[in-house]
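By convention in this document, chain letters (A, B, ...) are assigned in the order of the sequence lines, proteins followed by strands, and residues within each chain are numbered from 1. Fair warning: this is a prediction, and the values are worked out from it, not measured in the lab.
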Amino acid sequence: MNVSGVITITTDFGHKGPFVGVMKGIILTRFPRASIVDLGHDIPAHWPPEAGFWLSRSYQYFPKGTVHLAIVDPGVGTERHILVVEHDDHIFIAPDNGLLDPILGAAGPGEIFRLETERLNDFELPEASQTFHGRDIFAPVAAEIAAGRLLPQNTGPRTDDWIPSWIETPEVRAPGKVSGIVITIDSFGNLISNIDERLLAGMKEPVARLAGKRFRMVETYGRVLPGDYMALINSFGVLEIARAEHSAADSLGTERGAPIVVVDGDRD
Amino acid sequence: MNVSGVITITTDFGHKGPFVGVMKGIILTRFPRASIVDLGHDIPAHWPPEAGFWLSRSYQYFPKGTVHLAIVDPGVGTERHILVVEHDDHIFIAPDNGLLDPILGAAGPGEIFRLETERLNDFELPEASQTFHGRDIFAPVAAEIAAGRLLPQNTGPRTDDWIPSWIETPEVRAPGKVSGIVITIDSFGNLISNIDERLLAGMKEPVARLAGKRFRMVETYGRVLPGDYMALINSFGVLEIARAEHSAADSLGTERGAPIVVVDGDRD
Amino acid sequence: MNVSGVITITTDFGHKGPFVGVMKGIILTRFPRASIVDLGHDIPAHWPPEAGFWLSRSYQYFPKGTVHLAIVDPGVGTERHILVVEHDDHIFIAPDNGLLDPILGAAGPGEIFRLETERLNDFELPEASQTFHGRDIFAPVAAEIAAGRLLPQNTGPRTDDWIPSWIETPEVRAPGKVSGIVITIDSFGNLISNIDERLLAGMKEPVARLAGKRFRMVETYGRVLPGDYMALINSFGVLEIARAEHSAADSLGTERGAPIVVVDGDRD
């Protein structure tokens, strides 16, 4: 694979303190021409599934050969592993805690590697701190891969043994019925589910149920009156509950993790 | 015009989710050498006038030939138009919803174009989603213009027909009296108005009135005691109400949109 | 010194408004190949010590020859000075208000300069506004230094006369006892002190005291049960109080500035 020189970073570090900035300093020290993009640092603390959801639905919009770093890592400093994945012409690096589940589930055999820092002696990694592997391990490895000096298959042994997500992948469990959750809430208060549009393909009139209410499907935000609720397939291909020009999350009092069910309206 | 390779992005997308990051991915895919600057993503949701205010007072500080993307777009997915403007050696791209009013009002004849995506077949835009034109239309068009491959006049027909802002431009309505509003509040709680310093030029002793209080003009924050209120012409050339080392917004309970009147102190 | 072309920016400007973006515009106008990294903009308003703390513990992770801009500047527009420091192969630019204390205390003779803009006529600085020196002075000077066209020693006269921090540097005041404060709180609610690990070197069993509670030292977050408190030396080499998978700040009701004492457990 040809590398693009682009590195994306996704964390739960928030915006206080120099944590992300320092990672960029390490990357630029090793690879001055790196083009670094923040995919987001407002992942809820210690909640890997949201990072994996967004990463799996965003990486396609970056150049092939991009390195994607994702660090939501409550187990930092313990014996948790780090995974390096080469899939669909992109490279992913994250702790082995379920974060990468949506990527790993799609990855083919031989695309997943378990990082062994002792194999990287040529790259002079610093002695890792106990609490900031983002700076001491993830950033240097990402920089060396993005610079084309380190190949994913040279970071450690191939593996098929990884930790799955805390969150079940939605499936069609009964004819005309799909269950999922609110996986994330955006800045507008739109409630974004992990229910892929393909799961609704067989339904004649899908109706979403959330917080005791029913929501009919529309095509876009502008098609209803201000204040109206709606369900729609959003631009990342998943079901979303929105309220036109309002925050659906505030209006419904709904939080991340709330269950959403979609049924075929004809049936109920 | 020579392009600078710089693209600025202004949105109301906030910092949750990968929305801005994905736009940067699209830009870097099409134009790897792009230099992308976030002008700000904390514009209040669905409030175009603040984006237009800041953009019109900030673009001058970027290199000539910079492309400025501004997306505050409650009408995404409906028939609203997109404008491309070439003015004062800069290029602006935004929805036609009043956002660009301060730029358009200053633009000369022949500088404003209405985007027609069907003219851009050579550039292989993706099929646009209903809800994320930032990714599917704005970012690709900005990248192609910034790369020098697409000229503003080739994006669509010239037009003089555009939607004005919701906010009236302040004017001198009576001798020694100007009315405006709090157009934005910064992180310090300073209340920034849309009243340009030129409108106060004829006054001997301008006094601002807001929230039932009167504020005398000073030159800078450091010229008063901590806790004192002041009015001043800020570094963007507009009237601002501040409280030294405090938040004027919190102290006065004032929100965006509040009316400000400036009168000549001699007269009242 | 060889310049790296990298510029970091640390401010208390927050994320509302285009203030940081406009500074980047100025930098890119003067030095198009600049690589600009945000070290952080959530420094508490008008609280220079936190900016100095983070900068002094972060700059080492950037390439040698990097220019570090730090602007927490309640005295903007008054007669406060601006310092330019060349130390440890890095360049620092900040207002002379104590912000740079940790850097200046380590700097050798002849490394500190007091900026005199009248020496910079060749660089055509704009007339400075009263309230936004970040844009009008700091950004242009940083760009010219980072581009290699301006040397620190040409920005003004050498000086050893600078304003110290509001915050005392922690010292070992009695055998087995060190006093400091909570200098900052990160997005996880971890309470980060200004007590360097070297001050604890002689202790057999250091115990931290904060908010009426005692905290024993552990090696990393993952070594205790969720909900447990701990003290640890963090990845920046200072004592930190954390609560596993919780916010210690929220749980303890502790704010920035709270006193922390470390005693040798054997003695008490």
Which distance, rounded to the nearest 0.5 Å, do you find between the CD of C:E240 and the OG1 of A:T131? 6.5 Å
Give the interface residues of residues 6-16 of chain A toward chain C, defined by a heavy-atom separation under 4.5 Å. A:D12, A:F13, A:G14, A:H15, A:K16
Can you check whether A:F132 reaches C:N234 side chain to side chain, under 4.5 Å on heavy atoms? no
Take a 6.0 Å sphere around CD of C:E255 and say whether it holds more than 12 heavy atoms from other residues, nucleotides or ligands. no
Above 12 or not: heavy atoms from other molecules or residues under 6.0 Å from CZ of A:R119? yes
Supply the atom-to-atom distance C:Y61 OH to A:M23 CE, rounded to the nearest 0.5 angstrom. 13.0 Å
Rounded to the nearest 0.5 Å, how far apart are CD of C:Q60 and CD1 of A:I26? 10.0 Å
Filtered by a 4.5 Å non-hydrogen cutoff, the part of residues 34-45 of chain C contacting chain A is C:S35, C:V37, C:D38, C:L39, C:D42
Contacting region of C:L55 [heavy-atom separation from chain A under 4.5 Å]: neither
More than 12 non-hydrogen atoms from neighbouring residues, nucleotides or ligands closer than 6.0 Å to CD on A:E118, yes or no? yes
Does A:F19 reach the side chain of C:F188, with side-chain heavy atoms less than 4.5 Å apart? no
A:R135 versus chain C, the contacting section by heavy-atom distance below 4.5 Å: side chain
Bottom line for A:S129: the part with an atom under 4.5 Å from chain C's heavy atoms is side chain
What is the minimum heavy-atom distance between C:F62 and A:G21, and which atoms define it? CZ-O, 3.1 Å
